[in-house]
**Student:** 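Starting off with a structure, shown below.
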Amino acid sequence: MGIPTSSLLRSLGAEPDPTMVGVEDEALRLRFGRHSVQCGQFTSRWLTPTYLITGVINTGRTIVDVQSEMPVEVATEEEGLAWLGAILGAIIPVDVKPDWLFKGERLRNLL
């Protein structure tokens, strides 16, 4: 049995987000300075449970639409960080990127 993605996100500082509708579990928001992404468990288009990470990151120079999925459960914390590093690593500006996201980028080879 692995670690629920929601527990991992909470341990990384995610807060409850009542504005996200249609989630099967508690919706969460990860903040990176003035940037943020919403996270919640949904049923994928293949009818399997998935964790959706969504948002818009506007750096002033670029605007990125984040729409990505990750498993609802990861085997280890490192695997979860690798998923988040792969999804958010190149998108979140360096000046507001937390240490755990730098670590996740380095762990992408675990995927």
**Student:** Looking at CD1 of I3 and OG of S11, how far apart are the two atoms once the value is rounded to the nearest 0.5 Å?
**Tutor:**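 Going from CD1 on I3 over to OG on S11, the span is 8.0 Å.
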**Student:** Within a radius of less than 6.0 Å around CZ of R45, do more than 12 heavy atoms belonging to other residues, nucleotides or ligands occur?
**Tutor:**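 No - once you tally the heavy atoms of other residues, nucleotides and ligands closer than 6.0 Å, there are 12 at most.
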**Student:** Taking all atoms of both residues into account, what is the closest heavy-atom pair of L28 and A14, and its distance?
**Tutor:**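 Nearest pair, atom of L28 first, then A14: CB-CB, 4.0 Å.
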**Student:** Is any side-chain heavy atom of T54 closer than 4.5 Å to one of M20?
**Tutor:**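 They are in side-chain contact.
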**Student:** With a 4.5 Å heavy-atom cut-off, do L84 and L9 have their side chains touching?
**Tutor:**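 They are in contact (side-chain heavy atoms under 4.5 Å apart), so the answer is yes.
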**Student:** Measuring only between side-chain heavy atoms, which start at C-beta, is V23 closer than 4.5 Å to L52?
**Tutor:**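 SC-SC contact between V23 and L52 ruled out.
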**Student:** Compare every heavy atom of D25 with every heavy atom of S6, then report the nearest pair and how far apart it is.
**Tutor:**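 Heavy-atom minimum between the residues: OG-OD2, 3.8 Å.
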**Student:** Is it true that L88 and V56 fall in one hydrophobic cluster, defined by side-chain heavy atoms closer than 4.5 Å?
**Tutor:**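 Different clusters: L88 never reaches V56 through Ile, Leu, Val, Met, Phe, Trp or Tyr contacts under 4.5 Å.
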**Student:** Could you tell me if the side chain of L81 sits less than 4.5 Å from the side chain of L12, heavy atoms only?
**Tutor:**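 L12 reaches L81 side chain to side chain.
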**Student:** Any non-hydrogen side-chain atom of T5 less than 4.5 Å from a side-chain atom of W83?
**Tutor:**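 The answer is no, as the side chains (C-beta and beyond) never meet within the 4.5 Å cut-off.
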**Student:** Heavy atoms only: give me the nearest P71-Y51 pair and the separation to one decimal.
**Tutor:**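 That would be O-CB, 3.9 Å.
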**Student:** Are L111 and M70 connected in the hydrophobic side-chain network, where two residues link if heavy atoms are under 4.5 Å apart?
**Tutor:**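 Linked, L111 and M70 end up in one cluster.
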**Student:** Who are the salt bridge (charged side-chain N to carboxylate O under 4.0 Å, His left out) partners of E26, not counting sequence neighbours?
**Tutor:**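 For E26 the salt bridge (charged side-chain N to carboxylate O under 4.0 Å, His left out) partners, ignoring immediate neighbours, are R10.
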**Student:** For the residue pair T43 and T50, what are the closest heavy atoms and their distance?
**Tutor:**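 Here T43 and T50 meet closest at C-CG2, 4.4 Å.
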**Student:** Distance check, rounded to the nearest 0.5 Å: S7 atom OG versus E77 atom CD?
**Tutor:**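 So the gap between those two atoms works out to 11.5 Å.
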**Student:** Taking the side chain from R31 and the backbone from G13, do they hold a donor-acceptor pair closer than 3.5 Å?
**Tutor:**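 No.
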**Student:** If you group Ile, Leu, Val, Met, Phe, Trp and Tyr by side-chain heavy-atom gaps below 4.5 Å, do F102 and I91 land in one group?
**Tutor:**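 Each belongs to a different hydrophobic cluster.
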**Student:** Grab the two heavy atoms, one from T59 and one from P93, that are nearest each other, plus how far apart they are.
**Tutor:**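 Nearest pair, atom of T59 first, then P93: CG2-CG, 3.6 Å.
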**Student:** Grouping I, L, V, M, F, W and Y whenever their side-chain heavy atoms are under 4.5 Å apart, do L8 and L110 come out in a common cluster?
**Tutor:**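 Yes, one cluster joins them.
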**Student:** How long is the gap from CG on L30 to NE2 on H35, to the nearest 0.5 Å?
**Tutor:**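 Nearest 0.5 Å value for the CG-NE2 distance: 13.5 Å.
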**Student:** Please list all pairs meeting side-chain hydrogen bond (donor to acceptor under 3.5 Å, both in side chains) that have one or both residues in residues 89-111, counting only residues at least two apart or in different chains.
**Tutor:**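 Non-adjacent pairs meeting side-chain hydrogen bond (donor to acceptor under 3.5 Å, both in side chains): K97-E105.
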**Student:** Can you name the nearest heavy-atom pair linking T19 to Q38, along with the distance?
**Tutor:**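 Heavy atoms only, the tightest pair is OG1-NE2, 3.1 Å.
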**Student:** Determine yes or no for a side-chain-to-main-chain donor-acceptor pair under 3.5 angstrom, with E79 supplying the side chain and V74 the backbone.
**Tutor:**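 Judged by distance alone, no pair lies under 3.5 Å.
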